Novice: 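Sharing a structure below in structure tokens format, with a few things to ask.
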Amino acid sequence: MIQLKQRDIFIMTQHTATFNLTFDKSAQDFVINAFNKKVDEHGYIVEKDSPSTKVLSRDGQEIKASRFGGVRKGSEIYFKSDLISVIELCEDLRKK
Amino acid sequence: MGLFDSLKNLFGVEADLSSLEKIDIDTDVKLIRDVKDNTLIKIERNVNNNNATNNNLTINIASDFFDKPGNLEALKEITRNQVHQEEQPVMLAETSELARIVDATSTEVDELMKYYLGKIPDSDLSILRAAFYLRAQHSAGKHVDLLKQDIIDTYGKRGANIANLCSAGYFESHITPMYEELSNRPNFTRQTFIDTYNKVVDDAPFALFVSRQHDKDKLAEEIASKISLNKKYGIHQLNIHAIGKDNIKKIQDAITNEAAAEQFTNEPEISIQGQVATYILFY
């Protein structure tokens, strides 16, 4: 079972009527786990039930936990935290 | 049940927060629940440098919260539902902040990009777009080292070159006029422009950007080499850009020696605004 540290935080951001859930770095493992994933010994996000299967971003890149930006629907798209991934994410969300 | 109500129920928040919906959008709202089981609702106003505003409601999860059976799974389910049912991304807070900044500057960047669509190589469009976001952050007084590193990590040297040229305003000051000039010539094709554009991006003959990797001697060598090459092409001016005290000092050290000074036909023009400096050398 995951034990969160005392200062683990979630921040809910309100945009008009929509609530977006964001997480602090300290709660990252909790979020990864919530989606049945885990971090392998090399720092990559992998399937919890099949650790040899790495989680990929939409453009097919493996994702290190240190560069994990979050998850979104479609069905589950994992994205990185770098500028280029965030630009793509924002453009995709704007198209919706 | 939506995210807000689900979390309220799970954490046993009893305060009536219905009035939050009426709070001005320029207000951050944070809810903190600490280890002593005290609940504190704090309302803060927060407008960032890009005038992007939001209401924040923060929950600190106490370590003993998960001692109660079912709480861990309940919070996981709320997290998954946010993606699957509410169709909202679950994001790292820093990523969310970056996304908000990108959103706030997207109209400005879209406008800037319009000119270059169909002109520069298609493969450079995403680099230039990222470079414009980088420049907007820099103009807002933010540290951009990590964002620039993101561009370099993704696009390599070409990414670094485009980011440098864009940050220094060369797309508007050099590349746009270059396109206008070339496009007025007979038999102009897009490829004519791209060939010249590639020379600018690859070599930036009129500019030199001082980085952390430069030391005084390496910089002096590069200046001498660029001046020598430029003379062959009839370019008699070199703009050297630096950000940060250390990099500015490297330029001073590299150009204030006899060998370097002998090449100059005029005193260098120096413009220093805070941590940003441009030295123009004439030869």
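Fair warning: this is a prediction, and the values are worked out from it, not measured in the lab.
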Novice: Between A/A34 and B/R80, which heavy-atom pair has the shortest distance, and what is it?
Specialist: O-NH1, 2.6 Å
Novice: Report yes if some heavy atom in the side chain of B/T154 is under 4.5 Å from a heavy atom in the side chain of A/Q61; otherwise report no.
Specialist: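 The answer is no, as the side chains (C-beta and beyond) never meet within the 4.5 Å cut-off.
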Novice: Looking at A/K80 and B/D150, does any basic side-chain N land under 4.0 Å from a carboxylate oxygen?
Specialist: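 Between B/D150 and A/K80 there is no salt bridge, as every charged N stays at least 4.0 Å from the carboxylate O atoms.
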Novice: Taking the side chain as C-beta and beyond, is there a heavy-atom pair between A/V31 and B/V90 under 4.5 Å?
Specialist: yes
Novice: Identify which part of A/S85 has an atom lying under 4.5 Å from any heavy atom of chain B, answering side chain, backbone, both or neither.
Specialist: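 Contact with chain B: none, neither part.
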Novice: Taking atom CZ of B/R100 and atom OG1 of A/T22, what is their separation to the nearest 0.5 Å?
Specialist: 8.0 Å
Novice: Starting at OG1 of B/T105, measure out to CD1 of A/I87 and round the result to the nearest 0.5 Å.
Specialist: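 Here the interatomic distance stands at 8.5 Å.
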Novice: So which part of A/L89 gets closer than 4.5 Å to some heavy atom of chain B, the side chain, the backbone, both or neither?
Specialist: side chain
Novice: Considering only heavy atoms, which portion of A/F79 lies under 4.5 Å from any heavy atom of chain B: side chain, backbone, both, or neither?
Specialist: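 Looking at A/F79, just its side chain touches chain B.
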Novice: Donor-acceptor pair, A/K73 side chain versus B/H84 backbone, under 3.5 Å?
Specialist: yes
Novice: Calculate, to the nearest 0.5 Å, the distance between atoms CG and CD belonging to B/D110 and A/E91 respectively.
Specialist: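 Rounded to the nearest 0.5 Å, the CG-CD separation comes out at 7.0 Å.
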Novice: When only pairs under 4.5 Å are counted, which of B/E94, B/M91, B/R129 shares the most heavy-atom pairs with chain A?
Specialist: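 The residue among B/E94, B/M91, B/R129 with the greatest pair count is B/M91.
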